[in-house]
Amino acid sequence: MNIESILQEEVKKAVSNLYKQEVPDNLIQLQSTRKEFEGDATLVVFPLLRMSKKSPEQTAEELGEYLLKNTEYVNAYNVVKGFLNLVVVSSHWIKLIEDAGKTENFGFKNITDDSELVMVEYSSPNTNKPLHLGHIRNNLLGFSISEILKANGYKVVKTNIVNDRGIHICKSMLAWQKWGEGKTPESTGIKGDHLVGDFYVKFDKEYRAEVAKLVESGMEQKVAENNAPLLNEARELLLKWEAKDKETVDLWKTMNSWVYEGFEVTYKELGVDFDKIYYESDTFLTGKDEVLRGLDEGVFYQKEDNSVWADLTSDKLDQKLLLRSDGTSVYMTQDIGTAKLRFNDYSIDKMVYVVGNEQNYHFQVLAILLDKLGFDWGKGLYHFSYGMVELPSGKMKSREGKVVDADDILKEMVDVAKQMSQELGKLESLNEEEANETYKKIAKSALKYFMLKVDPKKNMMFNPEESIDFNGNTGPFIQYTYARIKSVLRKAEADGIKVPETLNTSMKLEDKEKVVIKRIASFPQTVAEAAENYSPAIIANYCYELVKEFNQFYHDYSILKEEDGDVKGFRLVLSSVVADVVSRGMGLLGIQMPERM
RNA sequence: GCCUCAGUAGCUCAGCUGGAUAGAGCAACGGCCUUCUAAGCCGUAGGUCAUGGGUUCGAGUCCCGUCUGGGGUACCA
């Protein structure tokens, strides 16, 4: 039981005894005391004035006096304006840290057969280009939120919908047919997704050249864009694909397989994975069937040109296209089909889509459409909407090649981490293989922490020149503190110093130590809060605050050289618990902690 | 036009259901390595929380208006 809820009850009793009135819980406002005042918990007395009918100071004074005399938890108190600062007995904090060291799994809920099942969709790449920084944010958020949900006792199925068909795929296929000269990843040594992406860019370049020519010869821009020969060829290719033309399907399979091999490498580097992968080529027909069923049942309507629409004006939205006049499906159709297949495959209690905020409208509509089609889970879907990654030059545009490539940035991070480690003379005790592993851990933590520490809802700025740092509020700083603690614990063991099982509860604590303990005690709540808000950033900032607070204390005192055995024991336990909590917290972000660095 | 999200230090970001003198990091400047790892610690400087009203004991936080920016807005995904 945490101290806030204990004090809450005590304050309730105090008010009821002193003023003969019952207080609703929400009027008892306890918060942790600000650094500059003495105390551990602070009661805001303003809301209680109407019960005491006395001045803020007097009310606080009376309550403080009562709590001091009648509870075992309060050691001392002081009053500043309308704030009652309470000093909690040391033994409480010491017991807390003692227990924290022993509790399995930090007291988190275990996943059981009865646990709710959450399906998390993330990543969702197109198979016509490699992953870029925006995808990295998506992947890291999706993976991390899955871990956070698991820590809160949910069964999680991580899923990925691969957009493997459509006109954009045909564009890169066409470019390869025209200008590919039979190139393959093997023949060129280029990673598959990059090779395919190069042809997609090539298509766009040639296509724009054609459009420019047509415009020059007097055609209107829009007409030219819609009638360029290359685009028509791509459309023909799509029709051939839909007609299951063997040559086309074979090429499609081959090029997609190149891309999957490439993605696999990137996913592995990022440390993300999936339990179940869906392919749009398998789901879009189901979507079409569902839309046609909706048409039969009268929830949708058809226009004269045969296109199918949903009328959402009663939901204060617009008309929405579901099937084009030529009968082909759109993005929304595919998502309906995928949803149906998923709910057939799993008994999903909650569906979470990790997709950028540019699609807020899309998911608002999807929820309503699923509901209209009679899926009772439709309204319950959660769109985990995150902001874009912006570059100093503006928005990333993959067609124009204006992106930060995922593989490039990962590689560059490792290079910088290696260089910096060597400059600082770190990792010299490790062999080459171990050192390489460690560089990677550091590099990835820098990137992951950078992406995850920002509130997911907000757009974030990424400056390739200077953004990713290894000092200050960063992943490596947290890893560094962890590695130092591990070093202390190793030395303790080597010196035959044992980390004690029990602590002397009458020991006096330093303020900074109490701050650290309070932070640790709030870990389970923080993780729960992160799950509720779908925000790994809450965990990231928690870890940073904890490590920072610990570091400040840790720097001022020596642990192993401490003469007083009780104090030494306490500090060893505290250090070890901090290491455990930080490692666990960072684990929820998909960040591994190195034993040495 | 309409819908929607955002605006906090030079830069990148925190700020829990409204609470005390708005916090970190980077960059700048000044200290600290014969004491467990200096990827660290301590200090200085840097703010009209876009802006104008309102609600109340109390507003960065809630409500309304304005400005600026992002995103969306019927056959792109």
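Order of the sequence lines fixes the chain letters, A, B, ..., with proteins taken first and strands second; residue numbering starts at 1 for each chain. Nothing here was measured: the structure is a model prediction, and the numbers come from that model.
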Which whole-number value in Å describes the distance from [X] [atom1] to [N] [atom2]?
X: A:Arg519; N: B:rA24; atom1: CZ; atom2: C1'; result: 12 Å
X: A:Tyr386; N: B:rC5; atom1: OH; atom2: P; result: 19 Å
X: A:Leu231; N: B:rC76; atom1: CG; atom2: P; result: 10 Å
X: A:Lys548; N: B:rA39; atom1: NZ; atom2: P; result: 15 Å
X: A:Tyr482; N: B:rC36; atom1: OH; atom2: C1'; result: 17 Å
X: A:Phe284; N: B:rC75; atom1: CZ; atom2: P; result: 21 Å
X: A:Gln552; N: B:rA38; atom1: CD; atom2: P; result: 16 Å
X: A:Met332; N: B:rC75; atom1: CE; atom2: C1'; result: 13 Å

Starting at [atom1] of [X], measure out to [atom2] of [Y] and round the result to the nearest 0.5 Å.
X: A:Ser445; Y: A:Met413; atom1: OG; atom2: CE; result: 8.0 Å
X: A:Lys457; Y: A:Asn357; atom1: NZ; atom2: CG; result: 11.5 Å
X: A:Asp164; Y: A:Met255; atom1: CG; atom2: CE; result: 13.5 Å
X: A:Tyr482; Y: A:Cys543; atom1: OH; atom2: SG; result: 12.0 Å

Any side-chain N or O of [X] under 4.0 Å from OP1/OP2 of [N]?
X: A:Asn551; N: B:rC41; result: yes
X: A:Lys303; N: B:rC75; result: no
X: A:Lys426; N: B:rA39; result: yes

Nearest of B:rG40, B:rC36, B:rG19 to any side-chain atom of A:Val488?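 For the A:Val488 side chain, the nearest candidate turns out to be B:rC36.
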
What nucleotide among B:rG19, B:rC36, B:rA74 has an atom nearest to a side-chain atom of A:Gln319?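 The nucleotide sitting nearest to the side chain is B:rA74.
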
Report which part of the nucleic acid [X] touches: base, sugar-phosphate, or nothing (heavy-atom distance under 4.0 Å, all strands).
X: A:Asp455; answer: sugar-phosphate
X: A:Tyr480; answer: base
X: A:Gln29; answer: base
X: A:Ile442; answer: base
X: A:Asn126; answer: sugar-phosphate

Quick check: [Y] with [X] (ring centres under 6.0 Å apart)?
X: A:Phe363; Y: A:Tyr353; answer: yes
X: A:Phe462; Y: A:Phe450; answer: yes
X: A:Tyr534; Y: A:Tyr382; answer: yes

Does the side-chain ring of A:Phe46 lie flat on the base of B:rG19, meaning centres under 5.5 Å and planes less than 30 degrees apart?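 Yes, the aromatic ring of A:Phe46 stacks with the base.
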
Between [X] and [Y], does at least one N-O distance fall below 4.0 Å, as a salt bridge requires?
X: A:Arg519; Y: A:Glu549; result: yes
X: A:Asp204; Y: A:Arg208; result: yes
X: A:Glu493; Y: A:Lys498; result: no
X: A:Arg165; Y: A:Glu242; result: yes

Integer angstrom distance from the [atom1] of [N] to that of [M]:
N: B:rG18; M: B:rA9; atom1: P; result: 24 Å
N: B:rC26; M: B:rU35; atom1: C1'; result: 30 Å
N: B:rU61; M: B:rA22; atom1: C1'; result: 11 Å
N: B:rG46; M: B:rC33; atom1: C1'; result: 29 Å

What residues form a salt bridge (charged side-chain N to carboxylate O under 4.0 Å, His left out) with A:Lys426, not counting sequence neighbours?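 Expected list: none.
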
Kindly write out the residues that satisfy salt bridge (charged side-chain N to carboxylate O under 4.0 Å, His left out) with A:Arg34, not counting sequence neighbours, or none if the list is empty.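 For A:Arg34 the salt bridge (charged side-chain N to carboxylate O under 4.0 Å, His left out) partners, ignoring immediate neighbours, are A:Glu36.
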
Pairing string, 5' to 3', for RNA chain B - Watson-Crick or wobble contacts under 3.5 Å, brackets [ ] where pairs cross, | to another strand: (((((((..((((.....[...)))).(((((.......))))).....(((((..]....))))))))))))....

Has the side chain of A:Asn459 got a donor or acceptor that lies under 3.5 Å from a partner of the other kind on the base of B:rC5?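 Answer is no: no donor-acceptor pair is held.
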
Close side-chain approach of A:Leu574 and A:Ile520, heavy atoms under 4.5 Å: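 The answer is yes, as the side chains (C-beta and beyond) meet within the 4.5 Å cut-off.
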
Anti or syn - B:rC11, cut at 90° from 0: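 It is anti.
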
With [X] via side chain to side chain donor-acceptor pair (under 3.5 Å) - residues at least two apart:
X: A:Glu545; value: none
X: A:Gln8; value: none
X: A:Lys491; value: none

Which comes earlier along RNA chain B counting from the 5' end, the contact point of A:Ser307 or that of A:Tyr544, where each point is its nearest nucleotide?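 Taking each residue's closest nucleotide, the earlier one in sequence belongs to A:Tyr544.
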
Assuming nearest nucleotide by heavy-atom distance, tell me which of A:Tyr301 and A:Tyr331 is located more 5' along RNA chain B.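 Closest to the 5' end, via its nearest nucleotide, is A:Tyr301.
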
Neighbour count >12 (heavy atoms, 6.0 Å) for atom CG, A:Asp511: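 Open: at most 12 neighbouring heavy atoms sit under 6.0 Å from CG of A:Asp511.
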
In residues 412-423 of chain A, which residues come under 4.0 Å of RNA chain B by heavy atom?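 By residue number: A:Met420, A:Ser421.
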
Can you pull out the residues from residues 526-540 of chain A that lie within a 4.0 Å heavy-atom distance of RNA chain B?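 Residues of residues 526-540 of chain A under 4.0 Å from RNA chain B: none.
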
What salt bridge (charged side-chain N to carboxylate O under 4.0 Å, His left out) pairs are there with at least one residue in residues 43-52 of chain A, not counting sequence neighbours?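 Of all non-adjacent pairs touching residues 43-52 of chain A, none passes salt bridge (charged side-chain N to carboxylate O under 4.0 Å, His left out).
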
Nucleotide N/O to protein N/O under 3.5 Å, stretch nucleotides 20-23 of chain B:
from: B:rA20; atom 1: OP2; to: A:Arg34; atom 2: NH1; distance (Å): 2.9
from: B:rA20; atom 1: N6; to: A:Thr42; atom 2: OG1; distance (Å): 2.9
from: B:rA20; atom 1: N6; to: A:Asn85; atom 2: OD1; distance (Å): 3.1
from: B:rA20; atom 1: N1; to: A:Asn85; atom 2: OD1; distance (Å): 3.4
from: B:rG23; atom 1: OP1; to: A:Arg34; atom 2: NH2; distance (Å): 3.1

When you look at A:Lys320 and A:Asp311, which way does the salt bridge (Lys or Arg N to Asp or Glu O under 4.0 Å) test go after all the steps? CA-CA 7 Å; A:Lys320 187 76 194 170; A:Asp311 181 358; over 6 Å; no

How would nucleotides 7-12 of chain B be written as a contact map, 5' to 3', with B for base contact, S for sugar-phosphate-only contact and - for no contact, using protein heavy atoms under 4.0 Å? S----S

Can you build the contact string for nucleotides 27-35 of chain B? Use B for base contact, S for sugar-phosphate-only contact, and - for no protein heavy atom under 4.0 Å. --------S

Report yes or no: is the cationic atom of A:Lys303 (NZ for Lys, CZ for Arg) closer than 6.0 Å to the six-membered ring centre of A:Trp309, at no more than 45° off its axis?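 Judged by the rule, A:Lys303 and A:Trp309 form a cation-pi pair.
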
